[in-house]
Amino acid sequence: MNVEDLQKMALIIRRNIITMLFHAGSGHTGGSLSCTDFATVLMFRELIHNPKNPKWIDRDILLYSNGHVTPVNYSCLAEAGYFPKKDLLQFRKLSGHLQGHPSCHDTPGIEVSSGSLGQGLSIGCGVAIASKREQHRRRTYVVLGDGELQEGMIWEAAMFAGHYQLNNLCAIVDRNRKQIDGDTEEVMALEPLVEKWQSFRWHVITIDGHNISEINNAFQTAKNVNDKPTVIIAKTVMGKGVSFMENDYKWHGVAPKRDQAEKALAELGTSLDEWTNYLASH
Amino acid sequence: MSEKKPTRVGYGETLVEIGQDERVYVLTGDLKESVMVHLFAENYPKRFIQVGIAEQNMCNVAAGLALIGKIPFWTTYGAFASCRALDMIRVTVCYSELNVKIIGGHSGLTVGPDGASHQILEDIAIIRSLPNIEMVIPCDYWEAKKATRAIYERKGPKYLRLGRAPQPIVTDINTPFVFGKANILTNGNDVAIIACGQMVSESLIAANNLSQLGITARVINMHTLKPIDRDVIIESAKDCKAIVTVEEHQINGGLGSAVAQVCAETIPVPIEYVAIMDKFGKSGDPDELLEYFGLRASNIEKAVQKVLQRKF
């Protein structure tokens with residue numbers, strides 16, 4: 001997809017997120033919207049995969065270590081064809097296959113079950129080290145929430161990837177600066193973040209996480225680094241795309257109510273009825 | 001039973017054999033020689049991964065390997081495997097049902113002088129409570145070899161509990177090992193002694209001593225703790241009407257609890273437990289410690305006398 005198509009797809013993903021969260025009645029809105037643009041680029045441009053054969057052994061591996069952003073994760077999987085879009089309306093329901101936090105047994109395209117923060121980068125390290133040693137072209141992408149960088153295990157994995165020069169591994173930090181209890185720098189400061197990663201022997205790229213061209217370029221640059229893993233620090237806005245959600249940490253784990261969903265979808269150029277019908281009929 | 005050898009040696013040697021399979025990867029956290037994986041590392045350096053002192057990371061690096069079709073064995077001390085990396089074992093390995101082999105070495109009291117922090121006495125309870133994982137505790141060197149091969153051949157998460165100290169050899173190369181199927185080592189109908197790991201050899205000594213008193217004991221080697229062999233427990237309860245369980249583990253949640261659960265559901269019979277009585281370990285020689293914490297044949301014999309008095 002070109003930049004324009006990716007922007008269009010990101011808009012569709014945002015509509016899906018709001019609509020499925022409204023129908024679920026609970027879930028993680030803020031981080032899903034902040035991840036949307038790079039998640040779209042990953043799924044529809046970067047990733048070498050096969051939605052018709054999710055377990056294809058030579059696929060690239062994409063892991064969401066911040067498991068709670070299932071709305072963006074599932075929306076991308078559905079749009080890519082891993083399962084019908086109407087399934088998004090069963091998000092978080094016993095009758096559906098879309099758990100609140102991802103379960104690889106329930107949902108095609110989910111690589112590993114997650115939900116306990118800080119665990120994904122290590123899994124990516126395992127994929128990357130074997131791929132590198134066996135000279136397989138596979139690339140591994142791990143999406144990290146910024147709050148979860150407070151978990152010690154992230155830095156165990158960072159040390160490992162730096163030590164083994166896993167240049168086939170690319171981490172993307174959703175740097176929206178918000179976590180459940182407030183601003184990351186007030187809850188538990190992460191800065192200086194660039195220097196932290198650099199000192200663990202990573203190549204660091206800082207971008208506007210909502211600029212599709214910058215996102216594209218960062219992924220291309222990462223592929224050309226030959227002696228280090230790359231981390232893309234994507235500066236994002238929690239709740240991006242919906243004015244009354246933007247930069248408000250209270251939207252971390254709350255779903256929109258009907259009036260809020262209507263308002264949000266109006267800003268995204270559709271309505272709750274229209275987008276519910278879109279999902280239900282696909 | 002005079003010859004002794006650590007179970008970890010059986011593990012390390014067998015890894016070299018199954019290492020011919022190019023899917024096999026071995027990981028450790030700064031404990032290459034003590035958990036005997038240096039043998040694998042020397043033979044297959046490309047598939048050996050040194051993780052450093054980072055068990056949580058090691059568990060999930062192994063998970064990543066499994067995700068792309070490798071068969072990883074991650075090896076450390078049982079204390080760090082089952083406790084330090086528990087969240088990773090639970091959410092990433094077990095919930096995702098990945099083909100990850102977790103090796104808890106230096107388990108139980110008999111790690112000896114290192115003391116309580118290293119003497120894991122809770123791992124059976126912890127691992128037993130998790131869905132999707134299976135657990136084996138070999139009783140000696142030969143069984144460790146068979147158990148290592150069995151967890152390699154069986155798909156899905158596995159926990160293998162090994163010891164540090166040399167243990168009496170009670171089986172041989174030809175003794176059958178069927179996953180999930182306990183071995184009956186002596187025939188007897190007065191009492192069943194159900195044991196695992198190193199306690200199997202103590203149970204055999206106890207059974208021999210009891211036979212001098214005219215008591216016939218059925219010694220059962222419960223090498224697979226999960227899934228537990230329900231049939232052998234039910235049959236023993238039916239035939240012997242009294243059971244003693246023996247384990248190098250806390251009384252809460254281990255082999256004794258598993259056996260009691262099966263009996264309570266089926267044929268309730270008196271049970272006595274030889275185990276660690278809800279205490280932390282201490283530094284000392286392995287033999288001294290078994291004596292101090294009451295895990296000797298003499299303790300098993302006393303437990304048998306007690307359970308026989310309670311027999312209906």
Side-chain angles (χ1 to χ4, degrees), chain A residues 54-63 65 67 99 101-107 110-136 138-142 151-164 166 168-169 200, chain B residues 21-30 41 44-74 76 80 84-102 130-133 155-157:
Chain A
K55 297 284 174 199
W56 173 47
I57 196 72
D58 293 323
R59 71 194 182 279
D60 285 346
I61 299 287
L62 168 61
L63 302 160
S65 187
Q99 305 287 312
H101 290 83
S103 159
C104 60
H105 288 309
D106 290 300
T107 310
I110 297 295
E111 296 284 3
V112 178
S113 302
S114 63
S116 176
L117 291 172
Q119 296 200 27
L121 191 57
S122 298
I123 304 169
C125 285
V127 175
I129 193 167
S131 303
K132 187 174 169 85
R133 286 189 179 180
E134 295 177 8
Q135 296 177 314
H136 191 289
R138 177 188 297 110
R139 290 190 63 78
T140 304
Y141 298 93
V142 183
E151 292 279 7
M153 186 182 180
I154 290 289
W155 302 101
E156 292 184 5
M159 197 183 297
F160 181 96
H163 177 84
Y164 286 110
L166 302 180
N168 52 354
L169 176 65
F200 280 80
Chain B
D21 181 340
E22 293 195 343
R23 295 171 301 168
V24 174
Y25 273 71
V26 174
L27 306 88
T28 195
D30 198 31
Y44 312 103
K46 209 176 140 191
R47 286 183 280 123
F48 172 75
I49 302 175
Q50 174 63 265
V51 181
I53 308 164
E55 294 78 14
Q56 305 175 45
N57 186 45
M58 176 157 52
C59 179
N60 278 17
V61 168
L65 292 165
L67 188 59
I68 51 169
K70 313 301 171 196
I71 307 175
F73 288 69
W74 69 272
T76 179
F80 312 135
R84 188 61 172 256
L86 177 57
D87 188 32
M88 296 78 218
I89 295 175
R90 175 178 175 265
V91 177
T92 296
V93 174
C94 291
Y95 185 26
S96 306
E97 225 175 331
L98 292 168
N99 196 19
V100 171
K101 317 303 175 186
I102 304 160
L130 295 168
N132 295 344
I133 191 165
K155 228 180 160 190

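So you know, we letter chains A, B, ... as the sequences are listed, proteins then strands, and number each from 1.
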Indicate every side-chain donor-acceptor pair of residues 48-59 of chain B with a distance under 3.5 Å to a residue at least two apart or in another chain.
from: Q50(B); atom 1: OE1; to: D30(B); atom 2: N; distance (Å): 2.9
from: Q50(B); atom 1: OE1; to: G52(B); atom 2: N; distance (Å): 3.1
from: N57(B); atom 1: OD1; to: S122(A); atom 2: OG; distance (Å): 2.6

Heavy-atom closest pair (A130(A) atom, L65(B) atom, distance to 0.1 Å) is CB-CD2, 3.4 Å
Non-hydrogen atoms of chain B under 4.5 Å away: do they reach the side chain of L121(A), the backbone, both or neither?
neither
With a 4.5 angstrom heavy-atom cut-off, is it the side chain or the backbone of K70(B) that approaches chain A, or both, or neither?
side chain
4.5 Å side-chain heavy-atom contact, L63(A) and L67(B)
yes
Step through the shown structure and confirm whether more than 12 heavy atoms of other residues, nucleotides or ligands are within 6.0 Å of CZ on R84(B).
no
Please round to the nearest 0.5 Å and tell me the distance separating atom OG1 of T140(A) and atom CD1 of I68(B).
7.0 Å
R90(B) versus chain A, the contacting section by heavy-atom distance below 4.5 Å
neither
With a 4.5 Å cut-off on side-chain heavy atoms, are D87(B) and M153(A) touching?
no
Does atom NZ (K55(A)) have a neighbourhood of more than 12 heavy atoms from anything else shown, all under 6.0 Å?
yes
Might you point out which heavy atoms bring V127(A) and G64(B) nearest each other, and give the distance in Å?
CG2-O, 3.4 Å
Most heavy-atom pairs under 4.5 angstrom with chain A, which of M88(B), R47(B), E22(B)?
M88(B)
Ring pair (Phe, Tyr, Trp, His ring centres under 6.0 Å) partners for Y25(B), two or more places apart:
none
Which atom names give the shortest non-hydrogen contact between V91(B) and S116(A), and what distance separates them?
CG2-CB, 4.0 Å
What residue, out of V61(B), V93(B), N60(B), L27(B), has the most heavy-atom pairs lying under 4.5 Å from chain A?
N60(B)
Heavy-atom cut-off 4.5 Å, strictly under: side chain, backbone, both or neither for I110(A) against chain B?
neither
Taking all atoms of both residues into account, what is the closest heavy-atom pair of S113(A) and Y95(B), and its distance?
CB-CD2, 3.2 Å
So NE2 of H105(A) and CG of N132(B): to nearest 0.5 Å the spacing works out to 6.0 Å
